[in-house]
Amino acid sequence: MEETAHDATSIYNSMTSILIDPNALGSLDSGAADAFLEWVKASPAPAGAEHGPLLPGEVERATRATRTRDGLPVDETTWRGIADAARAAGVPDDDTTLAAWNACAAA
């Protein structure tokens, strides 16, 4: 992984950012921003894609909803490490405790 570089006035981390002053687009009350977002969202999905363009935060909201409904995904190696740490801390390894751990992992 490339490290972030710094100098007196800038940070370089291989990220492209486009900053737009909303005031340069006119009044925020004009509805122009909402119309633009609707136009972007109306774009068709590329061939083979599940959906068209997503707005900032949409992926995060969808992920949160999925994880709230289905729980957090935990791979077997990580779960084994959690269970081993629990046993090392004296947590009994019975069905009740396992169910409690599963409930915590799903929260």
Side-chain angles (χ1 to χ4, degrees):
M1 175 182 266
E2 185 177 324
E3 290 196 28
T4 301
H6 301 265
D7 68 22
T9 60
S10 303
I11 298 174
Y12 304 97
N13 62 1
S14 301
M15 182 182 89
T16 301
S17 297
I18 300 172
L19 306 175
I20 299 172
D21 178 1
N23 295 316
L25 301 175
S27 170
L28 294 179
D29 295 329
S30 70
D34 289 335
F36 175 72
L37 294 178
E38 288 175 26
W39 176 79
V40 168
K41 292 296 290 178
S43 299
E50 293 181 25
H51 50 74
L54 297 173
L55 299 177
E58 286 184 327
V59 169
E60 292 79 6
R61 283 188 292 278
T63 299
R64 181 182 191 130
T66 299
R67 289 180 175 176
T68 298
R69 183 187 67 237
D70 301 336
L72 298 173
V74 178
D75 63 87
E76 188 175 332
T77 302
T78 301
W79 186 250
R80 195 175 311 119
I82 291 170
D84 290 347
R87 280 190 286 281
V91 176
D93 195 15
D94 61 17
D95 290 345
T96 304
T97 303
L98 182 58
W101 278 100
N102 285 327
C104 289

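By convention here, the first residue in the shown sequence is residue 1. Side chains included, hydrogens not; waters and symmetry mates left out as well; all remaining heavy atoms used.
Applying the side chain to side chain donor-acceptor pair (under 3.5 Å) test to every pair with at least one member in residues 37-59, sequence neighbours left out, gives these pairs: K41-E58.
Comment: E60 does not engage R64 in a salt bridge, judged by the lack of any side-chain N to carboxylate O separation of less than 4.0 angstrom.
Note: the hydrophobic cluster containing L55 also contains F36 (ILVMFWY, side chain heavy atoms under 4.5 Å, direct or indirect links).
Among residues two or more places apart in sequence or in another chain, the salt bridge (charged side-chain N to carboxylate O under 4.0 Å, His left out) test is passed with D75 by none.
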